[in-house]
Each structure stands twice: as C-alpha cells, then as structure tokens.
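Contents: one structure, followed by commentary.
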Amino acid sequence: MTETGAQTKKAQKLQAPKGVPDYLPPDSVRFVATKRALVEAAELAGYQPAELPVFEDTALYVRGVGESTDIVGKEMYTFPDQGGRSLTLRPEWTAGVVRAVVEHGLDRGQLPVKLWYAGPCFRYERPQSGRYRQFQQMGVEAIGVDDPALDAEVVAVADEGLRRLGLGGYRLEINSLGDETCRPEYRERLLSFLRGLDLDEATRQRAERNPLRVLDDKRPEVKAQLVGAPLLVDCLSDSAKEHFETVLAHLRGLGVEYTLSPKLVRGLDYYTKTTFEFVHPGLGAQSAIGGGGHYDGLVADLGGQQLPGVGFSIGLERTMLALAAEDIKDDGAGAVPVFGVALGSAAKERMTRLAGELRKADIGVDLAYGDRAMKAAMRAADRSGARFVLILGETELASEHAQLKDMRSGEQSAVPLPDVVAELARRIAAEH
Ligand code: HAM
C-alpha cells in the first residue's frame with residue numbers, strides 16, 4: 001500500500017449505510033423490551049413464531065405485494081446471486097409468511113394457521129424521522145378461516161401490544177375495501193371520477209393501474225380534488241358490509257376503540273375487506289405505527305388454496321418514537337440487580353466465584369473490572385443501575401464476610417460469604 005493509501009485508510013471513518021439505524025444501550029434495551037411486549041400480546045392469543053428468510057425470490061414480492069405498489073415499483077433491494085437468480089431483501093413479511101405456509105402445506109392442516117414474526121425489512125425509501133431503509137416489524141398472520149371475529153382478534157392483538165407498552169395516544173383507523181363482488185364495480189366508478197380530475201401524468205397513470213391508491217395521495221392539490229370521490233363503504237356488497245359490521249361489533253365487544261376512515265387504502269395490493277392502521281399524532285409525517293388487514297386472494301395467488309388471511313405489522317422504530325412522544329420511560333430496564341466490587345487479587349477471585357454462584361441462582365450480576373480504586377468502582381456501580389452492591393476487600397475476605405449495600409436506602413451490612421446468594425435472593429424476592 002502506498003503511504004497516501006495507508007493514510008486514507010486510517011483517516012476514513014466507517015459508517016452504517018444511509019437510513020439504517022443501529023441500536024445500542026440504552027435504546028437497544030428498550031427496543032428488545034418493546035418487541036417482547038408485542039410478542040407477548042400475540043402469544044396470549046395463541047400465535048406461534050415463524051422464522052423466515054431475509055431474502056426471497058423477487059417474483060414472490062412482485063406477485064404478492066403487487067406491481068403497482070411503491071414497494072415493488074421503486075423500493076426493493078433486488079440483486080442477482082452468484083447463480084444469476086434474482087433475489088430481494090424482505091420489504092414486508094406477509095408474502096413470505098404465506099409462501100412458507102403454502103410451501104410446507106400448513107394450509108392443508110389445522111386452520112387457522114396463526115403465526116407471529118419479528119425481524120428486519122428493507123425498503124429503499126428517502127430516509128427521514130420514522131422512515132428508514134432497514135426497519136423492524138413485529139406482526140401476525142392468521143390464515144385459513146373467513147371469520148370477522150378473527151379480523152377483530154388480529155386488530156385487538158395489535159392494540160393490546162401497544163397498550164402493554166403504556167401507549168394511549170394513538171388512533172385506530174379502520175375501513176373495508178370490499179370483496180370481489182363489489183370491488184370491480186367500485187374501481188370503475190372511482191376511475192371515471194378520477195379521469196375527470198386535473199391530475200399530473202404520473203398520477204393519471206397510477207389511477208389507471210390502481211385507482212384506489214390515488215385516494216391515499218397526501219398532496220394538498222390532489223386531496224382537494226378528492227372531496228367528492230365515491231367511497232367504497234357506500235358501495236359494499238351485502239356480504240362485505242355484514243363482514244365489516246361484524247368486525248366492528250367484535251371490536252366494541254373487545255373494548256377496542258376505532259375511527260372509521262373511508263379513504264384508508266394502504267400501500268399494498270393484497271387487501272380486501274377489513275383494513276386498518278394505528279396512527280400516532282406525535283410522529284409527524286410518518287404517523288402510522290402499524291397497519292394491516294384482510295386478504296382473500298393472496299394465498300391462491302401464491303399457489304395455495306383459495307383461503308383468506310388477516311394480519312398486521314407494527315414498525316418497531318415508530319413504536320419507539322411513539323413511546324418517546326408520550327414520554328414513556330422504563331428507567332432501570334436491562335440493569336442487573338447486583339454489582340460486585342472487589343479490591344485486591346484474592347478478593348477478585350472470590351468475587352468471580354460468587355458471581356458464578358449468583359448467576360446459577362438466576363440472579364443477574366455485573367462486576368467492576370480493571371484495577372479501579374474504590375471510589376471509581378463505586379461510581380461504576382452507581383451508573384450500572386444495580387439495586388445492590390457487594391463489596392469485598394481484604395478485611396472482608398479475612399473475616400469471610402461481604403459488605404452488602406442497598407443503593408436505594410443507602411444501608412450497608414456485613415453478610416457471611418456462604419449466605420450471600422440466599423440473602424440476595426431473599427431481598428430481590430421481597431422487591432416483587
Ligand atoms: P406496511 O403498512 O407497509 O404494512 O408496514 C407496516 C408498518 O411498518 C408501518 O406502519 C410502519 O410502522 C413500518 N414501516 C414501513 N415502512 C417503514 C420504513 N421505511 N421505516 C420505518 N418503518 C416502516 C405491511 O408491511 C403489511 N405486511 C402489514 C400486514 C400484515 N398486512 C397484513 N398482514
């Protein structure tokens with residue numbers, strides 16, 4: 001390497017790709033706790049985990065998500081592998097879940113198939129607050145039974161997950177996109193309405209491909225023209241209407257509050273009947289923390305039987321932003337309850353043994369490492385957030401005792417070394 005080359009290499013600071021967040025403590029602790037709370041809500045309703053590939057054949061998303069969507073049109077991370085296959089990093093979970101369910105024949109077993117998932121998705125979007133190129137979704141899919149009660153359950157699981165986190169400032173918007181008996185007729189009515197508007201060429205083309213998508217246009221000049229647009233709720237077939245009303249009745253029964261949102265269409269093509277979004281006003285432009293809906297055709301489109309499905313996905317980054325907007329803190333989350341400070345090599349060895357015994361007894365413990373003076377070690381103990389500090393110096397070791405300090409009350413007492421594990425277990429149990 002030339003000298004300048006070496007210098008450049010040294011000077012170059014490596015950074016994560018644009019729009020890709022890192023999670024490190026304390027945010028990472030919050031992140032994991034957030035995911036866990038959402039998963040708990042799903043497991044309480046009988047959903048089981050699905051672990052699926054991060055990349056799939058490109059054709060899956062083209063067929064599953066829909067060619068007219070922004071995701072397929074311009075946001076996918078698509079690349080050829082060494083064998084010349086076209087692969088795409090997962091932009092969303094639903095298509096992959098349905099692919100796996102069909103591929104492994106779960107759609108021929110006990111129905112509904114109820115799965116939860118959590119993991120990264122990738123979309124080449126313009127990064128901004130709440131919008132990233134790699135982001136994480138937690139979600140569920142319930143596949144195989146057409147029952148409005150199941151749609152309501154899915155919505156309620158998402159709502160319960162968000163409530164478990166302490167969130168209360170969001171709004172659930174819900175709509176029905178109709179079914180195959182009313183959607184084609186509505187599509188024609190909407191299209192002829194849109195053809196009469198003053199729209200730019202790109203929007204005009206979008207209207208021809210998928211007129212419903214134009215209803216979701218956020219630009220003021222388009223929104224103003226959409227005021228008199230025909231709405232799907234006014235055109236629903238009797239069965240779609242009954243389905244929707246039953247979903248709403250179940251939601252009322254479950255105590256889930258909702259707002260009817262007749263122009264809600266969502267950005268993916270597979271939806272029919274119930275669609276919904278959880279919107280948080282504290283998030284600015286990217287206000288949807290999660291969304292989902294019912295899909296009648298996707299399973300068959302991906303080679304399975306003619307079976308419906310329903311699901312939601314919640315964006316974990318946006319959920320974290322919502323927690324910040326509502327000033328919900330979880331102080332001390334992730335901290336171990338015990339911090340050990342040992343002075344001198346003999347005491348350090350004894351402390352290492354104690355730490356092993358505590359961890360075997362399911363008591364979390366961190367230690368002061370490096371040869372720090374007592375004052376610096378106690379500062380580290382304080383920063384760790386541990387409730388109890390064990391102190392072991394030469395004097396304590398000689399008398400086979402450790403000093404146990406309660407960081408909340410400031411009280412300190414000597415505990416015989418053989419009793420330390422039992423004493424800490426007793427005090428921690430008394431906390432709960
Ligand atoms: P989606 O609305 O495209 O739906 O995404 C769900 C959530 O993922 C959004 O509400 C948002 O919180 C988060 N999200 C999406 N894009 C980004 C981004 N660029 N940066 C950060 N967060 C983002 C789906 O993906 C459907 N698969 C949901 C579903 C499941 N429908 C039926 N089952």
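Order of appearance sets the numbers: ligands from 1, and atoms from 1 within every ligand. In this chain, residues are counted from 1 in sequence order.
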Worksheet entry | Sequence neighbours excluded, every pair satisfying salt bridge (Lys or Arg N to Asp or Glu O under 4.0 Å) that has a member inside residues 300-320 | none
Do me a favour and list the nearest non-hydrogen protein atom to [atom] with residue, atom name and distance?
atom: atom 28 (C) of ligand 1; answer: S313 OG, 3.3 Å
atom: atom 13 (C) of ligand 1; answer: G315 CA, 3.7 Å
atom: atom 31 (N) of ligand 1; answer: Y271 OH, 2.6 Å
atom: atom 14 (N) of ligand 1; answer: F135 CE1, 3.4 Å
atom: atom 4 (O) of ligand 1; answer: R266 NH2, 2.9 Å
atom: atom 9 (C) of ligand 1; answer: A288 O, 4.0 Å
atom: atom 26 (C) of ligand 1; answer: Y270 OH, 3.3 Å
atom: atom 19 (N) of ligand 1; answer: E125 OE2, 2.6 Å

Discussion item. A cation-pi test, strictly: NZ or CZ of R90 under 6.0 Å from the centre of the six-membered ring of F55 and no more than 45 degrees from its axis. Yes or no?
Written reply: no
With heavy-atom distances below 4.0 Å as the criterion, list the atoms of ligand 1 near [X].
X: Y117; value: 30 (C)
X: E141; value: 30 (C), 32 (C), 33 (N)
X: G130; value: 20 (N), 21 (C), 22 (N)
X: I289; value: 10 (O), 12 (O)
X: G292; value: 29 (C), 31 (N)

Does [atom1] in [X] sit with more than 12 non-hydrogen atoms of other residues, nucleotides or ligands closer than 6.0 Å?
X: D234; atom1: CG; result: yes
X: Y124; atom1: OH; result: no
X: E67; atom1: CD; result: no

Between the side chains of [X] and [Y], does any donor sit under 3.5 Å from an acceptor?
X: E326; Y: H280; result: yes
X: T94; Y: Y295; result: no
X: D296; Y: Y271; result: no

Practice prompt. Going by heavy-atom distance to atom 5 (O) of ligand 1, choose the closest among E92, Q137, R131.
Written response: Q137
Practice prompt. Determine, step by step, whether T88 and T78 satisfy the side-chain hydrogen bond (donor to acceptor under 3.5 Å, both in side chains) criterion, reporting the C-alpha distance in whole Å, the side-chain angles of both residues, the deciding distance to 0.1 Å, and the verdict.
Written response: CA-CA 4 Å; T88 293; T78 298; 2.9 Å; yes
Worksheet item: Can you name the one residue among D151, T275, T274 that meets side-chain hydrogen bond (donor to acceptor under 3.5 Å, both in side chains) with H294?
Response: D151
If I apply the N/O under 3.5 Å rule, does [X] come out as touching ligand 1?
X: V310; result: no
X: Y132; result: yes
X: R123; result: yes

Worksheet item: In terms of the angle between their ring planes, are W93 and Y117 parallel, tilted or perpendicular, with boundaries placed at 30° and 60°?
Response: parallel
Worksheet item: If you measure from each heavy atom of G290 to ligand 1, is any distance below 4.0 Å?
Response: yes
